[in-house]
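Written below as structure tokens is the structure these notes are about.
Model, not experiment: these values are computed from the prediction. Just so we're on the same page: letters track the sequence lines, and every chain starts at 1.
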There are 2 protein chains.
Amino acid sequence: MRLGGHVLANLKQLAQSLGLSITTVSRALDGYADVSASTRQRVQEAADKAGYRPNASARRLRKQRAELVAVTLPSEPGHIGPPHFLDMLSGCAEHLASAGLNLVIAPVPHGESELDMCRRFVDGRRVDAMLLVRTKRDDERVEFLQSRGFPFVTNGRTESAIQHPFIDGDGFSGFHNATLRFHRAGHRRIAHVAGPQDYYFAHVRRQGWEAAMRECELPVDLYAEQAPTEQGGYEAALSLLHRPDRPTSIVCATDEMAIGVLRALREVDGGQSVSVVGHDDLPIGAFTSPALSTMRMTGENLGRSFASLLLRAIAGEPAEALQELHAIEFVDRDSHRRPPRAA
Amino acid sequence: MRLGGHVLANLKQLAQSLGLSITTVSRALDGYADVSASTRQRVQEAADKAGYRPNASARRLRKQRAELVAVTLPSEPGHIGPPHFLDMLSGCAEHLASAGLNLVIAPVPHGESELDMCRRFVDGRRVDAMLLVRTKRDDERVEFLQSRGFPFVTNGRTESAIQHPFIDGDGFSGFHNATLRFHRAGHRRIAHVAGPQDYYFAHVRRQGWEAAMRECELPVDLYAEQAPTEQGGYEAALSLLHRPDRPTSIVCATDEMAIGVLRALREVDGGQSVSVVGHDDLPIGAFTSPALSTMRMTGENLGRSFASLLLRAIAGEPAEALQELHAIEFVDRDSHRRPPRAA
DNA sequence: CTTGACTCCCAAAACGTTTTGGATGAGGCT
DNA sequence: AGCCTCATCCAAAACGTTTTGGGAGTCAAG
């Protein structure tokens, strides 16, 4: 196979070989109108033949754009990721690429805070924007980026006084509805297994559950908070199941926790007596026993949405125009069908 | 919270504010010996106070290094890759970062080939090295990068005549051993559900199975090839189960295919009659019914290994010194325990 | 012929860093 | 004094692009 020979390194060489100036070659390739059609074509052909590509670093320096966007990878508990996280990243990267930007992944180095990392990227002008995942209610990364006036989009809201671009699921409504669903099915002791309340998603999900419980005039103390992991869910469930007012149903902040809850239920009574619902629609949920009923954020091609918001944030659109709150839909499987009065 | 005020943009301003030359400030910060200790300290303090970070694009241009490594994301069937792929990426990115490199993810844009993408990255000097996953036996990306003399590491071997750096699992031995294990357990009709044979991993796994079958003097035509997906595995299993010499055990090229095989078995006879083993140790395998026995590549912190190989490839070490073949270990769960003589 | 408009091209500056190749001055030695 | 060494510092070049601000030349109108 012929893969194309040596590559003409730069504009200078290309210009020389054509007997033109660097300026003209550059402008010809960029499609400016002040280059004659014939010259443009000649340049274009020569460039194609030589396999010329502009040096990215040089363009970046001159244009003062890094042509890069960083996405933070949470290293902390709860493992990585929203199920379709990699799909999302992939879609995001692809759409960014069509605008000439690349996506760099930025895990938090050992012994460094997420804030330090942001600082490195922002102050070193290594990227044009940042994509933050796993927001906290009071998120120092958000505060920092706002103080720098740096473009960013978060996956998840915050309680920041200043608006910022985000994409998030409507966790309040999702958990509110899920709780009401249990209530309609006759459940009265509906528990909530919550994640750490400094995370926005965990807090807002709890609020949805709590609001529904109050509306139904049910107590809001059937509640356990743990790390957003399988182990956390397991422990939360054990503590709830040993209470005298043992719940007949459990609304879990995440699928990962819900899977831990199912394990606890199997150990305690074979898993047949308590209804469970999770959130995230992890693929694994279809394979648990019973198959895990759950919730998922609506909207397809989330990666594209993130990319679009990022580009618009870079372009300077105001934050208010860059906020997407997606509805939550119920995923109907088996684990939520236990009767409200258990043995 | 105080997040640090405005940032001194560049060396020039920093130098001016100190009454020093740009050269001296630059060299002071880089720790050169021809700057007096007192000056170095003064510069260092001023830089810290101002929150100065060198402009990445400028350094990259000057040093002729992109400080970036790209990893290709396969968009094609079989979903996205290796099981703990995101963990691997995260570890790799973290260790690259400690050497000053960032990892960019490079999904294949719509309507572009993986080769085009490599070309863009390489000829535009956008990256210093590439990490290729999902190698084919005859891989055009590898050939291209070799022709350019560009540093890269693959996840998976190829049949390239020229050596290149890689990390791979010893699929031959893994499948050889798994097949012999079935033979020892009394199985005689041991089938192989294979992936597309142009992928190296799929080919070498088939060869492992085939070699074992020949050693045991068993026929090597109990074989079906399909896409490396759940659906592919499902279809392959159906075709095998309808044969007169119906297998009593099936060695599957991937866990994803194995999960499809389990589904087919459940549909055909409740899933109790045929032994199955997969490869990859997908987390989901622990939740299938029966729990999927599988294989996994040994070695921890693969991300670190990839990062290290990439750095050494960039440093110019010869390919022969940059090849890691990891042993495959068996993951003992339930799906491989069916009796060799089924109903 | 002059003027202005228009087309096509280009020299030079700029982006911010690292590196090259000295310059300067102090001090020691002969 | 003259010479060498050493410790500090710096001006200028270089990296390869994009952009600024014209400069020729042509042509039509005045």
- Item | Protein-to-nucleotide contact annotation, 5' to 3' order, nucleotides 18-28 of chain C [B base; S sugar-phosphate only; - none; under 4.0 Å, heavy atom] | BBB--------
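- A straight line from CD of B:Gln64 to P of C:dT17 spans 17 Å, rounded to a whole angstrom.
- Between the CZ atom of A:Arg126 and the P atom of C:dT17 there is a distance of 13 Å, given to the nearest Å.
- Within a 6.0 Å radius of CD in A:Glu300, other residues, nucleotides and ligands contribute 12 heavy atoms or fewer.
- Following rounding to the nearest Å, B:Leu61 (CG) and C:dC15 (P) show an atom-to-atom distance of 14 Å.
- Candidate nucleotides C:dG16, D:dC9, D:dG16 were compared by shortest atom distance to the side chain of A:Asn10, and D:dG16 ranks first.
- Here D:dC10 presents its P atom at 12 Å from CD of B:Gln16, a figure rounded to the nearest Å.
- Each end of the helix from C:dC1-D:dG30 to C:dT30-D:dA1 gets its own axis from five base pairs, and the two axes differ in direction by 70°, given to 10 degrees.
- The distance from atom NZ of B:Lys12 to atom C1' of D:dA11 is 14 Å, rounded to the nearest whole Å.
- A heavy-atom distance below 4.5 Å is not found between the side chains of A:Thr135 and A:Asn155.
- Straight-line distance from the CZ atom of B:Arg40 to the P atom of D:dA7: 13 Å, rounded to whole Å.
- For the pair B:Arg134 and B:Phe201, the cation does not sit on the ring face, since its NZ or CZ is not both under 6.0 Å from the ring centre and inside 45° of the axis.
- Whole-Å rounding puts the B:Asp123 CG to D:dG16 P distance at 15 Å.
- Summarising the geometry, atom CG belonging to B:Asn102 is positioned 8.5 Å from atom CG belonging to B:Leu96; distances are rounded to the nearest 0.5 Å.
- For the pair A:Ser57 and D:dG16, the criterion of a side-chain N or O lying under 4.0 Å from OP1 or OP2 is not met.
- Figure legend: A:Arg157 and A:Tyr200 shown without cation-pi pairing, the cationic atom not lying both under 6.0 angstrom from the six-membered ring centre and within 45 degrees of its axis.
- With DNA chain D read from its 5' end, the first of the two nearest nucleotides for B:Thr24 and B:Ala58 is the one closest to B:Thr24.
- Under the side-chain contact (heavy atoms from CB on, under 4.5 Å) test applied with B:Leu14, the options B:Ile22, B:Leu20, B:Val25 reduce to a single match, B:Val25.
- Atom CG of B:Asp30 sits in a crowded spot, with more than 12 heavy atoms from other residues, nucleotides or ligands closer than 6.0 Å.
- Residue contacts shown for A:Thr39 are limited to sugar-phosphate atoms, with no base heavy atom under 4.0 Å away.
- Legend: residues meeting ring pair (Phe, Tyr, Trp, His ring centres under 6.0 Å) with B:His95, ordered by chain and number and at least two apart, are absent.
- Side-chain contact between A:Leu11 and A:Tyr52: present, with at least one pair of heavy atoms (C-beta onward) separated by less than 4.5 Å.
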